[in-house]
S.K.: 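Before I ask anything, here is the structure I am working with.
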Amino acid sequence: MSATGIGASVRRKEDFRFITGKGRYTDDINRHGQAHAFFIRSPHAHATINGIDASAARKMKGVLAVFTGDDLAADKVGGLICGWMIHSKDGSPMKAGAHPALAQGKVRYVGDHVAVVIADTYAIAREAAEKVVVDYDVLPAIVDTATAAATGAPVLHDVAPNNTVYDWKLGDKDATDAAFARAKHVTTLEIVNNRLAPNPMEPRAAVGEYDEGSESFTLYTTSQNPHVARLVLSAFIGIAPEHKLRVVAPDVGGGFGSKIFIYAEETICVWAAKKVRRPVKWTSDRTEAFLSDAHGRDHVTHAQLAMDETGKILGLRVKTTANLGAYLSTFSSAVPTYLYAPLLSGQYNIPAIYAEVDGVYTNTAPVDAYRGAGRPEATFVVERLMEVAAREIGRDPADFRRQNFVTQFPHQTPVIMCYDGGDYPQALDKALELADYANISKRKAESARKGLLRGIGISAYIEACGIAPSAAVGSLGAGVGLWESAEIRVNPVGTVEVLTGSHAHGQGHETTFAQLVSDRLGISIDNVAIIHGDTDKVQMGMGTYGSRSGAVGMSAIVKALDKIEAKAKKVAGHVLEASPDDIEFKDGKFSVKGTDKEIDFASLALQAYIAHKFSGQELEPGLKEGAFYDPTNFTFPAGVHICELEIDPQTGIVTIDKWTAVDDFGNLINPMIVEGQVHGGIAQGIGQALFEGVVYNKDGQLLTASYMDYQMPRAGDLLSYDIAVTNTPCPSNPLGIKGCGEAGAIAAPPAVVNALTDAVGHEDVPMPATPQVLWRAAQRAVLKAAAE
Amino acid sequence: MTAVSMTVNGQHVSAEIDPRTLLVQFLREELRMTGTHVGCDTSQCGCCVVHVNGDAVKSCTTLALTCDGASVTTIEGLAKGDELHPMQAAFRENHGLQCGFCTPGMIMTAVELVSRKGTNLDEHTIREELEGNLCRCTGYHNIVKAIAAGAQAMGTAAE
Ligand code: FES
Ligand code: FES
């Protein structure tokens, strides 16, 4: 392994600009003559709009325009779309209500977009917005997931009379019923998976621009997938044809899913730039982000696990209601269906599974993919059931899991997925050892002597990454293919530019992708530039989410590198006067087998461009190749996380004092970056379990709209994690990579809750387990102990 | 409009500003120094931390006028030319950043922390002192390591 090659913890190339304040995020971009947008948002969760009077605002000095839904309609600007079709049990298509970028006649959540003021400065736009009078008739609202479809609940969209977007199923009901009929023991759980706000530290932002000379638009925006944004803005919303619309996602300050989607604000900034003939800029403030960035999770689930007398699992039955919010966001329909139920088999051999999912509208912000997207929810169901089942039948939770692990591969689950490889017992053994699981009872006794409650919780997760074969997702309803593209441009001096359709917003692609290229071509990592995030440079790509940039994005680079090598060998054949078949490429040198004739990579590149040694009829000059890589399967990262903690029953304060993670991500390109991804994921998972929860009151007012009300995990709330890996290389891509971006967020919540419930001795600990929740839960434990 | 003048990263600057201008707006919009970031509007995230006369302050909740005559240091002023400040170098060496958005505030907070608490910082102290800074990417693990290492390096550099 070279110091900068595959497997080395190379320090990141992108860091210099970030640590010196020279990053270039969207809000750092200022265009000459730019105006500023301020969005007027609904203060009501549900209301009809009788009229909007903007005359006073329009007269204010410095105000350029006030636009409403009528202006968009007059310009034939299409609504925002949901790109994944889900069918209900009866085969009918999902019932998607219209999603205009600015409200037309009705608002459906607090924060819904009513109008936009565009002015010389942000301050003027904001002041003018105060003068816009919106006449609302307030309607009753529904925010509760479990009762959204009940008779009598206020209806959001006429097309969905009982607020039900779809009632979907996966798996074999009869086989599952039969398994339950045979069962010796059935474990039942009612689970609420709390609603979260993704909260990348950089708020969303957009700068739209129109160039009259070329009649073309540019949108700078905080996007995880600028090409998909361009496709949607062009083909569906109708801003401009793709060749007249450039989307640039420069440095992006975190996404976690929330910047995948195509939102109203970005759409309006680029549209309005032509209307006012000036660039239009908008940057979200944090409260707007809480109100209008797509949220995550929000499931209510009834789950049952059936076992025989030996503890072998026979079947799993799940009924989930998923809150989709007031409108269907870009990929929202897929998250609680195809990104959720196919993961319900966990790491286990479960012969029969049946899942039903109802997606419902409520008067809340749209819900869509957030780090893990469906897989954390599935893992929470499975790992809570496993833990509780083990407790109920008097088994050690680790042994019970081990008994039911999948050990033969490939393994076809009853819910679509075919696991291609893994070694689940190995990860479990390693984690138990690192966590000193064997001596937990001693540690519990020590805590008890101090009047504290100690608990330990295991989470053995599996997830599916690298989504996925395009034909497969197409058959499941996806509106797009999920391949990735790469183009390698070798310059005449031997430096290399890699254009990738992946997008980095913290993942370190400029380093890891360069490691791959440097390793393969035998050139310095400093001679490789990774270019991404600009539709004028990279022709097409699918972007970064679902931990796909390693498994899919880098595989595309490998494919393009294969072509580069093949072409370069032809050039070398001419230069070295040998057959291309006799050319070997190693350590950055092309040589003729069995001779000392050789040429280094940079000289070869020059030869490819000067083209003196071959005619253009024999071989095209130049050295540039592109590739599209479509994966053959999902990848299946898996692992075991163990949380150990102590609760003070007097205060409800919990201290996590040990976190063990053993993950199998297949081969690693840069272990330092992989560990960083795991750390961040765990923190978000602990956040879900202990701190974070979006709260609407029954009228649909968002009570958690700032960092004073929504508790983000802080350094003092967390600990340093013990992290290790196992490695079963992924058999379905050339690099053997599985993906690591979401694992922590998927694994962590059930590990924490399993530890909390172990500590208090009962299962009634909802998330987020705040001190108040834990104080109550612990008092039950204390009272029970006193009674005994 | 009101006149204001201050020293920013060693350079004297003066301007006529709207009295309600925040220091962060003055830096980002007037001076077009965009290294200082805004992550919230409630003084909670610390993405905007700069030094005013050596103290770490949240520039999103400081009026620019109150800094009249002050000496302000931002993330852009920390390195000496091409030579990184030891804390900057420690963040890179320890992978203390991912998306980089919280990073300027983290580094400015950390440098001031060392000036108050010295160069031998234990994990508990660092975690408690980061009370005012949020990071959504790193889970803080490597930020804590970076600050401990950066503090040590500042000690060595000062010797
Ligand atoms: S922007 Fe200043 S504390 Fe958040
Ligand atoms: S590195 Fe992204 S918020 Fe800290």
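These numbers were taken from a predicted model, which means no experiment stands behind them. Every chain is numbered from 1, with letters handed out A, B, ... down the list of sequences.
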S.K.: With a 4.5 angstrom heavy-atom cut-off, which part of B:Thr138 approaches chain A: side chain, backbone, both or neither?
M.R.: backbone
S.K.: Taking every heavy-atom pair that is under 4.5 Å apart, which of B:Asp41, B:Leu130, B:Val38 has the most such pairs with chain A?
M.R.: B:Asp41
S.K.: Relative to chain A, which of B:Ile107, B:Asn133, B:Leu97 shows the most heavy atom pairs under 4.5 Å?
M.R.: B:Leu97
S.K.: Could you please state which residues from residues 82-95 of chain B sit under 4.5 angstrom from chain A, measuring non-hydrogen atom to non-hydrogen atom, sorted by number, or 'none'?
M.R.: B:Leu84, B:Gln88, B:Phe91, B:Arg92, B:Glu93, B:His95
S.K.: Tell me, out of B:Ala79, B:Gly35, B:Gly39, who's got the most heavy-atom pairs with chain A below 4.5 Å.
M.R.: B:Gly39
S.K.: Can you tell which part of A:Tyr721 gets under 4.5 Å to a heavy atom of chain B, answering side chain, backbone, both or neither?
M.R.: both
S.K.: Please state whether the side chain, the backbone, both or neither of B:Cys47 comes within less than 4.5 Å of a heavy atom of chain A.
M.R.: side chain
S.K.: Is a donor from one side chain sitting under 3.5 angstrom from an acceptor on the other, for A:His641 and A:Trp659?
M.R.: yes
S.K.: I'd like to know if the side chain of B:Glu129 pairs up with that of B:Thr109 as donor and acceptor (distance under 3.5 Å, no hydrogens or angles considered).
M.R.: no
S.K.: Between A:Gln34 and A:His32, do the side chains contain a donor N or O and an acceptor N or O under 3.5 Å apart?
M.R.: no
S.K.: Using non-hydrogen atoms and a 4.5 Å limit, figure out which bit of A:Asp27 sits close to chain B: side chain, backbone, both or neither.
M.R.: both
S.K.: With a 4.5 angstrom heavy-atom cut-off, which part of B:Leu134 approaches chain A: side chain, backbone, both or neither?
M.R.: both
S.K.: Does the side chain of B:Ser5 pick up a donor-acceptor pair with the side chain of B:Ser14 at under 3.5 Å?
M.R.: no
S.K.: Identify which one of B:Ile147, B:Leu78, B:Thr73 satisfies the side chain to side chain contact (heavy atoms under 4.5 Å, CB included) criterion when paired with B:Val111.
M.R.: B:Leu78
S.K.: For B:Asp18, is it the side chain, the backbone, both, or neither that has a heavy atom closer than 4.5 Å to a heavy atom of chain A?
M.R.: neither
S.K.: Indicate whether any N or O donor in one side chain lies under 3.5 Å from an N or O acceptor in the other, for A:Ser720 and B:Glu123.
M.R.: yes
S.K.: With chain A, which of B:Thr42, B:Thr36, B:Thr103 has the greatest number of heavy-atom pairs at distances under 4.5 Å?
M.R.: B:Thr42
S.K.: Quiz question: by atom type and distance under 3.5 Å, do the side chains of B:Ser71 and B:Asn53 form a donor-acceptor pair?
M.R.: no
S.K.: Using non-hydrogen atoms and a limit below 4.5 Å, what part of residues 669-679 of chain A faces chain B?
M.R.: A:Met672, A:Ile673, A:Gly676, A:Gln677, A:His679
S.K.: Which atoms of A:Thr20 come close to chain B, meaning under 4.5 Å heavy atom to heavy atom: side chain ones, backbone ones, both, or neither?
M.R.: both
S.K.: Got a salt bridge between A:Arg24 and A:Glu202, using NZ or NE/NH1/NH2 to carboxylate O under 4.0 Å?
M.R.: no
S.K.: Using a strict threshold of under 4.0 Å (side-chain N to carboxylate O), is an ion pair present between A:Arg17 and A:Glu510?
M.R.: yes
S.K.: B:Phe101 versus chain A, heavy atoms under 4.5 Å apart: side chain, backbone, both or neither?
M.R.: both
S.K.: Should we say atom CD of B:Glu16 is surrounded by more than 12 heavy atoms from elsewhere, each under 6.0 Å from it?
M.R.: yes
S.K.: Would you find a donor on one side and an acceptor on the other, under 3.5 Å apart, between the side chain of A:Lys281 and the backbone of A:Thr26?
M.R.: no
S.K.: Is the shortest distance from a Lys or Arg side-chain nitrogen in A:Asp28 or B:Arg28 to a carboxylate oxygen in the other one below 4.0 Å?
M.R.: yes
S.K.: Please classify the contact between A:Ile682 and chain B as side chain, backbone, both or neither, with a heavy-atom cut-off of under 4.5 Å.
M.R.: neither
S.K.: In terms of side-chain heavy atoms, does A:Tyr707 have a donor or acceptor partner in A:Arg286 at a distance below 3.5 Å?
M.R.: yes
S.K.: Under a 3.5 Å cutoff, is there a donor and acceptor pairing between the side chains of A:Asn225 and A:Lys259?
M.R.: no
S.K.: Establish, yes or no, whether a centroid distance under 6.0 Å links the rings of A:Tyr370 and A:His295.
M.R.: no
S.K.: Flag the pair A:Tyr710 / A:Phe691 as yes when their ring centroid distance falls below 6.0 Å, and as no otherwise.
M.R.: no
